[in-house]
Asks: 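Got a structure for you, written out below as structure tokens; questions coming shortly.
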2 protein chains.
Amino acid sequence: MELYKIHPQHYVAVDCVIMGYQDEEIKLLLYPRSFEPYKGKWSLLGGFVQDDESADNAAARILKQTTGLEQIFLEQVASFSVPNRDPEARVISLAYYALIRIDLHDEERVKENGAYWISISKLPNLIFDHQEMFEKALIKLQQKAGYSLIGTELLPEMFTLIQLRKLYEALFQREFDPGNFRKKILSLGVLEKLELKDVSESKKGAFYYKVKNNIDEVGKDRIVKF
Amino acid sequence: MELYKIHPQHYVAVDCVIMGYQDEEIKLLLYPRSFEPYKGKWSLLGGFVQDDESADNAAARILKQTTGLEQIFLEQVASFSVPNRDPEARVISLAYYALIRIDLHDEERVKENGAYWISISKLPNLIFDHQEMFEKALIKLQQKAGYSLIGTELLPEMFTLIQLRKLYEALFQREFDPGNFRKKILSLGVLEKLELKDVSESKKGAFYYKVKNNIDEVGKDRIVKF
DNA sequence: ACAAAAGTGTTTAGATTACACCCATGA
DNA sequence: TCATGGGTGTAATCTAAACACTTTTGT
């Protein structure tokens with residue numbers, strides 16, 4: 001301990017890139033900062049790491065405080081530590097990203113926090129380095145898609161392959177060939193076809209699928225390009 | 001500032017996974033910890049983030065202090081923040097990895113620090129979560145190989161494709177088909193063939209190559225599987 | 001000439017893309 | 001029956017892996 005004492009300590013924060021999916025768009029949960037400096041400017045949801053929790057736990061705590069959701073997919077993005085990134089004080093921030101179902105979150109709680117869901121195609125300027133946090137989170141997510149079926153965290157338990165494709169199109173900001181997308185996804189072997197159709201979009205109806213129960217891991221060897 | 005004051009501050013450290021290449025093996029720079037607890041146990045090279053530097057700068061500083069090298073490829077691995085990971089005090093650590101040429105480093109300095117180069121195939125037990133830091137660093141590096149010519153930081157300016165293959169074999173801990181490896185690497189279009197041969201390994205001699213000068217980025221679209 | 005390392009070519013299997021085509025059904 | 005979205009099939013192109021083959025040169 002003596003040896004450590006000569007070193008400075010720092011505030012350590014976590015900032016969460018909370019992504020949801022609604023109206024065929026990826027949205028971020030953002031709130032207008034309630035105090036100076038940059039009062040009113042848009043910010044990711046964040047908080048400080050306390051003495052008795054890991055940064056992972058802090059991120060999960062913030063996610064629960066702001067959305068009411070627990071047991072959510074959360075992953076580290078990167079650390080941000082330029083000394084003056086927050087002009088108020090030296091704060092080292094660890095960025096995380098989370099994928100949640102907007103339809104399940106606690107709307108009351110979000111309102112209390114003054115937070116809003118904003119489409120990533122219409123993002124306002126964000127404070128500090130929050131824009132960069134979002135960009136890195138999105139890149140991480142896209143890379144992950146190559147070896148794992150991502151994004152099902154953003155959809156209901158049951159979904160059609162058309163819904164899944166729309167989600168991927170929102171995530172990658174480009175279109176996919178319907179036939180090829182279907183084959184690629186099914187070739188991963190992680191989806192189970194249900195004997196139930198979504199007839200809201202067409203007369204024929206599209207079969208619902210769900211993620212198989214016994215999926216430990218999509219084959220690590222199997223890499224798919226999107 | 002007032003708003004931040006209610007939050008705790010923490011020691012923030014950086015730990016560096018410093019990789020080098022020698023005798024057809026990837027080696028890590030490690031040193032036996034000089035104080036309790038875990039005195040004598042092997043540790044990555046690390047240090048504390050100071051008030052006036054980013055974590056990236058701190059990692060570069062530590063790399064320079066221990067190897068004498070500057071302007072080195074350094075990348076974030078992940079953060080490690082379980083409250084009791086260091087039993088002595090609460091320390092949040094940001095792991096980095098670096099690739100250096102062992103033949104260029106300052107041997108005197110390494111000796112002063114009591115550090116040693118140890119092959120990754122014979123790693124001793126490391127303190128705290130340093131083993132995990134190394135494992136994550138290696139995975140990051142392997143992934144990076146898919147879209148970028150990595151590892152040339154570990155070799156001299158000029159190298160033969162055979163030398164490069166041996167390096168990749170050490171990095172991935174498996175063998176590559178000599179013919180296919182050659183075609184795959186050359187297809188990236190980032191190497192320039194020199195009119196000079198390495199005749200130390202064979203009578204015929206192997207042409208030296210170097211990385212082309214005007215390489216901004218290996219095509220982001222081109223993804224190669226290793 | 002031949003051994004040994006360097007380098008090239010060929011074949012097969014699988015993945016990716018573009019796109020044509022068939023299917024089911026309500027209006 | 002026909003328009004519409006859902007779903008299947010196929011040919012052309014590209015990539016990866018296995019492995020046979022050719023080149024070069026000192027001894």
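Note that the structure is a prediction, hence the values are computed from the model and not measured. Lettering of chains follows the sequences in order, A, B, ..., and the numbering in each one begins at 1.
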Asks: Report the C-alpha distance between A:His105 and A:Trp117 in whole Å, list the side-chain angles of each, state the deciding distance to 0.1 Å, and finish with yes or no for ring-ring contact (aromatic ring centres under 6.0 Å, His included).
Replies: CA-CA 11 Å; A:His105 85 292; A:Trp117 288 101; 5.6 Å; yes
Asks: Check whether the side chain of B:Lys183 and the base of C:dG7 form a donor-acceptor pair under 3.5 Å.
Replies: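 Not at all, since no donor on one side and acceptor on the other fall under 3.5 Å apart.
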Asks: Among residues 160-182 of chain A, which ones have heavy-atom contacts with DNA chain C below 4.0 Å?
Replies: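 DNA chain C contact set from residues 160-182 of chain A: A:Asp177, A:Asn180.
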Asks: Could you list the residues that satisfy side-chain contact (heavy atoms from CB on, under 4.5 Å) with A:Glu112, not counting sequence neighbours?
Replies: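 Applying side-chain contact (heavy atoms from CB on, under 4.5 Å) to A:Glu112 gives none.
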Asks: Please indicate whether A:Phe226 has more than 12 foreign heavy atoms, meaning atoms of other residues, nucleotides or ligands, lying under 6.0 Å from its CZ.
Replies: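 Buried by this count: over 12 neighbours within 6.0 Å.
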Asks: Step through the shown structure and confirm whether more than 12 heavy atoms of other residues, nucleotides or ligands are within 6.0 Å of CZ on B:Phe207.
Replies: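 Result for CZ/B:Phe207: enclosed.
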Asks: Kindly indicate whether the side chain of B:Lys225 and the base of C:dT16 share any N or O donor-acceptor pair separated by less than 3.5 Å?
Replies: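 Flag unset: no donor-acceptor pair detected.
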Asks: Cationic tip of B:Lys210 within the cone over B:Phe159's six-membered ring, i.e. under 6.0 Å and within 45° of the normal?
Replies: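 The answer is no, since B:Lys210 fails at least one limit relative to B:Phe159.
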Asks: Can you sort out which residues in residues 193-205 of chain B have a heavy atom within less than 4.0 Å of DNA chain C? Ascending by number, please.
Replies: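 Only B:Glu201, B:Ser202, B:Lys203, B:Lys204, B:Gly205 qualify.
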Asks: Within the supplied structure, the quantity of interest is the number of heavy atoms (other residues, nucleotides, ligands) at a distance under 6.0 Å from B:Glu175 CD; does it exceed 12?
Replies: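 12 or below, so no.
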Asks: Do the ring centers of A:Phe73 and A:Tyr97 come within less than 6.0 Å of each other?
Replies: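 Distance test on ring centres: under 6.0 Å, yes.
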Asks: Work out how much the helix from C:dA1-D:dT27 to C:dA27-D:dT1 bends between its end axes, five pairs an end, to the nearest 10 degrees.
Replies: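 Inter-axis angle at the ends, rounded: 30°.
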Asks: Excluding sequence neighbours, so at least two apart, what forms side-chain contact (heavy atoms from CB on, under 4.5 Å) with B:Asp177?
Replies: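 Listed in chain order: B:Asn180.
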Asks: Once salt bridge (Lys or Arg N to Asp or Glu O under 4.0 Å) is applied, do any residues pair with A:Glu195, and if so which ones, sequence neighbours excluded?
Replies: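 Not a single residue meets the salt bridge (Lys or Arg N to Asp or Glu O under 4.0 Å) criterion with A:Glu195.
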